[in-house]
Every structure is written in structure tokens, then in C-alpha cells.
Amino acid sequence: MEPADYFRLQAVSLSYRMPREWLPGGLTGATIQLRATNLFTWTRFSGLYPDALIRPAQQTARGNGYILPPARQFSMNLRVNF
């Protein structure tokens with residue numbers, strides 16, 4: 001038996017609406033969004049991914065006998081209105 005509790009920062013999003021003065025002619029609005037998923041997991045669990053204990057094996061990716069955590073992802077979006 002070992003502790004399998006954890007704290008995970010799963011999704012973070014930051015948006016910035018650009019001022020109208022910065023926009024070239026013909027554009028009425030623009031927003032930049034930065035998003036990150038699966039940034040941080042804090043746990044005392046000795047395995048790689050404590051959440052895998054509650055998921056069936058068919059729903060997880062396996063590598064070298066271990067259940068791997070979801071990949072960290074970063075994305076940037078630009079939304080333009082005209």
C-alpha cells in the first residue's frame with residue numbers, strides 16, 4: 001500500500017485582447033490566447049501516473065510496462081475580427 005493522492009495543474013489559459021489602436025485598418029478586434037495542459041503533477045506515488053489506477057488498461061498508453069501520463073501540451077491561438 002502506498003499513497004496515490006495527487007495534485008495536478010491540468011489546464012491553464014491566458015487571454016489578451018489587443019487594443020483597437022494597435023490593429024491595422026479593417027480589423028475590429030484581435031485576441032491572443034495561450035493555453036497549457038498537464039503542466040504539473042505533485043504526488044508521493046512511486047509510479048509514473050497515479051490517475052492510471054482508476055482507468056482501465058484499454059484507455060491508457062503503455063510503455064515499458066508503465067502507464068504513461070498524458071503529454072504536456074502548449075498552444076497559442078489568434079482570433080481576429082473584421
Side-chain angles (χ1 to χ4, degrees):
M1 298 290 278
E2 65 177 298
D5 58 329
Y6 62 93
F7 173 79
R8 177 173 49 186
L9 188 57
Q10 186 169 358
V12 176
S13 177
L14 176 69
S15 295
Y16 179 72
R17 183 161 176 87
M18 298 175 74
R20 197 172 274 225
E21 306 85 56
W22 294 5
L23 302 175
L27 297 181
T28 61
T31 304
I32 297 174
Q33 181 184 41
L34 302 172
R35 180 174 166 86
T37 57
N38 302 314
L39 281 179
F40 175 81
T41 302
W42 179 82
T43 183
R44 292 186 206 153
F45 181 64
S46 63
L48 293 177
Y49 184 47
D51 201 20
L53 298 174
I54 61 171
R55 293 187 179 178
Q58 304 91 314
Q59 294 180 358
T60 56
R62 293 188 175 268
N64 296 330
Y66 293 101
I67 297 175
L68 302 176
R72 186 175 296 146
Q73 298 176 354
F74 298 94
S75 64
M76 183 171 80
N77 300 321
L78 174 63
R79 185 179 313 134
V80 180
N81 301 329
F82 51 94

Exercise. Does the side chain of I32 come within less than 4.5 Å of M18's, by heavy atoms?
Worked result: yes
Exercise. side-chain contact (heavy atoms from CB on, under 4.5 Å) with N81: which residues, sequence neighbours excluded?
Worked result: R17, T28, R79
Seminar exercise, completed: Residues at least two apart in sequence or cross-chain that pass side-chain contact (heavy atoms from CB on, under 4.5 Å) with L27, listed by chain then number, are L23, P24, V80, F82
Exercise. Can you list the residues that meet the side-chain contact (heavy atoms from CB on, under 4.5 Å) rule with P19, with sequence neighbours excluded?
Worked result: Y16, E21, W22
Exercise. Does M76 share a hydrophobic cluster with F74, counting links as ILVMFWY side-chain heavy atoms below 4.5 Å and allowing steps through other members?
Worked result: no
Seminar exercise, completed: With sequence neighbours left out, the residues meeting side chain to side chain donor-acceptor pair (under 3.5 Å) with N77 are Q33
Output side-chain donor-acceptor pairs under 3.5 Å for residues 34-42, partner residues at least two apart or in another chain, one line each.
{"residue": "N38", "atom": "ND2", "partner": "A71", "partner atom": "O", "Å": "3.1"}

